[in-house]
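These notes concern the structure reproduced below.
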Amino acid sequence: MSWDFFLPVCVGDLVKTGGINQYVVQDVVPPKQLPSHISKFKAALRSQGPLCILEHFDTGYSVLQHCNSVELTVKEDTLELLVQVVSGLAASLPTLLASTSVSAAERKEKLNAVKMSVFLLCKLTETLESYSCRQSIVTAPGKGGKKGKASGEGLLQWDSEREKVLQALVQLLQLDIRSLWNLSLVEEEFTSCVTCCCYKLLENPTISHVKSKPTRDCIIHLLGILIKKYSHLLGASVKVIQLLQHFEQLSSVFAQAVSVWSTEYGVRAIIGEVIREIGQKSSEELAREGSGVKAFAFFLSELSALVPDLMIPNISVLITHLEGESHTMRVAVCEVLGEILVHVLCGDRLDESGKADRDRFFDTLQEHLHDTHSHVRARVLQVYARIVNSKALPLCRYSEVMELAVGRLMDKSINVVKSAIQLLAAFIAHNPYSCKLSSADLKKPLEKEMAKLREMKEKLKGQEPVAVIKASELWAAMEPELLVTVRAELEPTSEAEQEQQEDEKNSDVEEEKEEKDARTTAVQIAQYLRVNKYRNAIRLCIRAHTCFPESEMFASLSTLTTETLMDTLALIFKGSDEDTAELSQNLPSTPQKEGEQQGEDGELKKQEMLVQYLRDTETFALQVERAISVINTMLYWKTTSVVQEAVQFCVTVCEFSVANSISGVRKMLPLVWSTDAAIKDAVVQAYRRLYLNPQGDTIRMKAQTLVDSLSELMVDASLGTIQCLEEIVQEFFGSGSNLQSTVVQVLWERFTGKRETSDLHRRAAVLLLGMAARAEREVVLSNLDTLCSVAVGEKVTEDFLLARDTVITICSITDHVRQSKGAPFRLPQDHQLFTCLTQAIAEGVVMEDPYWQSFMEHAVRLIYFLAESPDQLCSRLLQRSARLLLDQIAEGGEVNKDAGQMQDGSQESTEQGEQVSCVCLAQLLALCGCVAFWQVSHLERSVSAELRRRRGETEEREEKEKAPSSKAKQMANESAMEEELGLIGASAEDTEAELIRKICETELLAEENLLCAFLPLLVKVCSSPGRYSHPQLTTAACLALSQYMMISPSVCEENIRLMFTVLERSAFPVVRANAIIALGDLTVRFPNILEPWTQNLYARLSDEVPSVRQTAVTVLTQLVLKDVLKVKGQVSEVAVLLIDPEPHITSLALNFFNELATKDNAIYNLLPDIISRLSDPERGMSSEDFNTIMKQLFSYITKERQTESLVEKLCQRFRTAKTERQWCDLATSLSLLSMCERGFKRLQECWECYSDKLTEPGVYQPLLNITAKLRRGAKPQFKAQIDEFEKRLTAVHTRGLENVESPEMDDENQKEGGSTDKTVMRTPLPAKGRPRTKRGQTKPSVSSRGDDSFVTPQRSRKSKKPVITFSSDEEEDEEDAVMAESETPKVTTPIARTSRRARLRN
């Protein structure tokens, strides 16, 4: 073969004349002839093998050239042939490459075949890939259409074909084909040909999908081979950056690719190259749109998760992006740091360098918890949550990070708050301190251990420090003297001295014989040396060698010289580490041993560590408790996701027994009524997880655990909490759980006392039984006798609370709770239940039990719900109670002659009232009011419903009995009959309603009715506060009177003036609060009667006592939002509460306006009047408070048309404003509006309204602020108008209106024909000495005026207000408080109310 194949830059270059021995395409086959040539190609492939490509290259090239015009089948056939050629080469080349005797011609032939086949295969693959992408784009809009289906038929199998192409290339390039080239230098064009094909395939939008995983893996491995064997490292790094910049979906693909290249192919340098390219991107470049910053960020995050250890060497390049403008890159770098900290720099085995890196990374993350961008803050919190969940956070950083997380709960971004809650939950779930976190429980152990630590420190401090000298130091000191003694002992001596030495030696030997072994002897020698008995030590050492020749310590003395003896003594004295400890134990006692010193130091360190652990635990617990208090407030946020996170957090802290965790669990309970299904489901699941899925080995144990949990939740729970819990428990008993029967059994055991338990848990048990009865009535109904005997029997007076809760439980079986549509379920009057209840109520009247009244209210309610003819029962109950009270007076020895007149209907005398116990009388009056209220309710609900039911049954029976004459006649008259029946039904309902009304008007308070007997007494107690000053009596009388007033309009009209007098004048806050609630109910029932008194209700918003203000705003909120009260300018009194010192009242007022804002234009219509009332000089409200209120109210004005209209209205009010303060308030209000271009235009049009006030700084400055706001982001033309307007403002402000000419003024002057001189009339400021009311009252409260203020408000005409004498002294006439007929208010604007028929239906 004389020619070489060179890969062209462009496909068309192959037809041009090349260089010497360069292959050139000779024959480009026309499209029509291609099928026949391809057939020849197939035949040649079967006969010649893959080398046939050398002869048929022109055929493949022709397909490439005519790719747009040839049929798809031709391209597919060509692709299949080329895949077979490459696969054939991959199969045949290994033998050639392994052979050492290959000719140059054969090598060239194989090389040309490889290059030709790879070139054609790659180029054809790129072409088909482009065609496939175009087809997918074209057919995308016509999903399912015929056109899309037809055009995509040819490439249905392209995904599998593409995978075959890549597998063939991988098989070929895995071989070491570099030897086919001269000097094994593969030309760059060959590598580029393959890589371009790979990168082209990666540009496919679906390459990151799951279905493309085989193709994706083949491309990654093919590129890995090229990088490792074919020097594609730099090209790959550059290409990765380029593709990431333009194809965001490739970030995860390239992260996987780079991790595979660096691990499986060992090319770690690729990570450094890619990260270096990203790190060199400037902040300005990344901030530009289209810079691929999102793809870079996601790539780094994914890569760090796959190979975190390989990111550490290159992290310094990325850290610079933390200071850049791109928040996306800051997030990515923080996530990289997090992955490194979780997987690499964790654990206790880090060296000093690793610990330093870890601390530096943690410091960086903590800094970005305060990042300027909320997305960064949120992601850093998520990174910390991952670190905590992986237990990779060092203990020393727990407190610091926890504090930062608690601080992020106040973040303005919802995502940051959610992430902070998740992090705090992770902290609690994975905390290293304790399974139960309670700062109160930790306080005592901490104090105990701290006291112990102080004692240990004082003990060590009291001991004198003793120098511990090492044995080696002692030996060095004694060695010179000892050496002299050794030499003296070893020198020859005289006979006398020798005999003396022999005697001493003999004595030493005797002592030595007493020793047991060599070790004990060595200890004795060391003791001699320590006490300076050197001679005895030397002699004993010499003798010991004779006695213990086998001992290693004395073995060197076989040759007795000065050196050997000194070495032996040194060995014995200094010894090894083991000997030193034992020797020191046998030495003479010293003041302080070194071992003891170390032991005590160790104990001290242990105690210090324990104290520090307890301190950290307490700090952590306190931070958790602080977080709980903040997160509990988030349970009622409007953002669903935050509420869900808060619910999950409450569950987590409850499971870890954190202090106050039960408060959050209780607080989230009302969310079971949420209209948001996601929130409701989260709460139900939370309670099911906490309470309804108990742990235990047996069903009995599980049931006891469940009952214990629910009982703890109900202890000290409010009524609202119990009502919400009913929903959860009812769902449990209705779910068919196998625990139901066992739970009910355990509850009955607790209630009856079979199982010893506390009173609180007995009450909880009976309430839970009531909740179960809502799902299954027989739970309570079959055990009614047990309930009566245990709770409301003979011992009822011992525990009225248990009796009350039992009554609540029995109420759960009534029709009012179960809403039955059949015949009413009632018990006979002589049932044991009613006998026990009436006896308990009557006996309790003469007892001073604080819990009797709540029991009485529920008991009377139950009687009316469950008894036949409850009015008769209650009549006898009232008689019996009054008689017992009179008997109590008689027993006291002060019998009054008129005692029996109470039952006859006469008033109780003043003298008798003085003899009765105030508490007992209050209880009797409370009973009267309760009976009156439930009697009315019984008539309007039960009796009316029964009448309707009976009428319905009668009509149905008559309809069935009346046979139709014929079907034709029935169909002819059907419409007429329906109409007639409708009229008859409506007429019947009106008749029933009229009957009920007549009974309330004429019979309930008739002279023969017992209720009438107590009404004069109630009026007397309420109208004589000076005489009846007992708080409980006054409260009971006021409530009872209001309940009597519910009976009929006539009773209400007669006593309404007295009720408002009590509301204004009563000295007891509880009476005023109760009066507000009662009057609110009366407003709903008799709106026309109460409408003239509306201003008196609003006046209580300025009450001195916070509880009264709170009650007033709650009642008025309900009345206004339910459209019972008309919303007028008096709402300004509610607006004042937005700055109330009590946070709870402020939140109630804010809630009022939030709800009011949902009504169309409500706040918009009220704003001008509110501004006028609040800026009234007589109110004396400060500018700061006014601004605060207005800022909140104007936040509800969001429509552009409303803003425009308000601008005009406020500008017009400048004309009627009298004082500079009012001008300033109006200008401030204008500045608070979110001004738009139309609003600004209207402001310009109203120039004449405020231009003469611009000399006041309080008017000029707010208007100037408006122009500053409008200028931001304004268009050039509009900005010019703003500048011109601002110049006019400034000119008038500095020089005065009369010195400034304007076109408008010139026109006006020409019309008037006069001068431009104007006089600005200034209204003088109010006198400084004028008294101002507190808390923003418009006028002094009624209680601060004279008695003449308590008159019925007149709506239609102005008349002289009659003076009222209030009965506060015994000498005054008691009838003065009764309203005269002439003082009855004349209502000119009656309030439309629903018909009695509609109300009865409700």
Side-chain angles (χ1 to χ4, degrees), residues 460 463-601:
L460 286 177
Q463 294 176 351
E464 294 182 3
V466 178
V468 179
I469 304 174
K470 296 181 180 178
S472 58
E473 295 176 353
L474 286 173
W475 174 260
M478 70 173 70
E479 187 177 11
E481 187 178 353
L482 183 60
L483 182 60
V484 173
T485 307
V486 168
R487 286 174 179 169
E489 283 293 316
L490 294 181
E491 287 179 359
T493 55
S494 61
E495 292 182 3
E497 291 176 351
Q498 193 170 357
E499 289 177 2
Q500 184 180 358
Q501 289 176 4
E502 288 294 331
D503 294 338
E504 292 177 358
K505 286 178 182 178
N506 291 335
S507 64
D508 293 338
V509 172
E510 292 297 328
E511 294 175 1
E512 181 65 27
K513 286 179 181 180
E514 295 176 1
E515 303 297 341
K516 294 180 181 181
D517 55 12
R519 195 170 188 82
T520 307
T521 305
V523 171
Q524 186 63 40
I525 292 170
Q527 289 178 352
Y528 282 148
L529 291 174
R530 281 186 175 273
V531 296
N532 298 330
K533 292 185 178 181
Y534 300 145
R535 195 178 301 276
N536 291 346
I538 294 167
R539 292 173 182 175
L540 183 57
C541 185
I542 296 171
R543 296 301 301 164
H545 171 62
T546 307
C547 297
F548 311 108
E550 72 283 356
S551 174
E552 294 181 0
M553 278 188 278
F554 304 108
S556 61
L557 293 179
S558 56
T559 305
L560 189 61
T561 61
T562 303
E563 289 76 12
T564 57
L565 187 55
M566 286 294 292
D567 291 343
T568 302
L569 290 172
L571 176 64
I572 292 171
F573 187 78
K574 292 189 289 185
S576 61
D577 293 338
E578 293 83 3
D579 296 336
T580 304
E582 187 169 343
L583 288 171
S584 62
Q585 293 175 6
N586 294 280
L587 292 179
S589 58
T590 57
Q592 181 70 36
K593 301 287 193 308
E594 184 178 358
E596 294 176 2
Q597 178 82 18
Q598 291 177 352
E600 291 184 3
D601 287 346

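By convention here, the first residue in the shown sequence is residue 1.
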Report the residues that fulfil side chain to side chain donor-acceptor pair (under 3.5 Å) with Thr485, sequence neighbours left out, ordered by chain and then residue number.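 Thr485: no side chain to side chain donor-acceptor pair (under 3.5 Å) contacts found.
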Over all atoms of both residues, closest heavy-atom pair of [X] and [Y]:
X      : Y      : answer
Leu482 : Leu569 : CD2-CD1, 4.0 Å
Pro480 : Ala476 : CD-O, 3.7 Å
Leu565 : Cys541 : CD1-SG, 3.9 Å
Thr521 : Ala544 : CG2-CB, 3.8 Å

Pairwise distance [atom1]([X]) to [atom2]([Y]) - rounded to 0.5 angstrom:
X      : Y      : atom1 : atom2 : answer
Leu490 : Ile538 : CG    : CD1   : 7.5 Å
Lys533 : Gln527 : NZ    : CD    : 10.0 Å
Thr568 : Glu563 : OG1   : CD    : 11.5 Å
Thr561 : Asp567 : OG1   : CG    : 8.0 Å
Met566 : Leu483 : CE    : CG    : 5.0 Å

Could you work out, with side chain to side chain contact (heavy atoms under 4.5 Å, CB included) as the rule, every residue matching Glu481, not counting sequence neighbours?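 So Glu481 forms a side chain to side chain contact (heavy atoms under 4.5 Å, CB included) with Tyr534.
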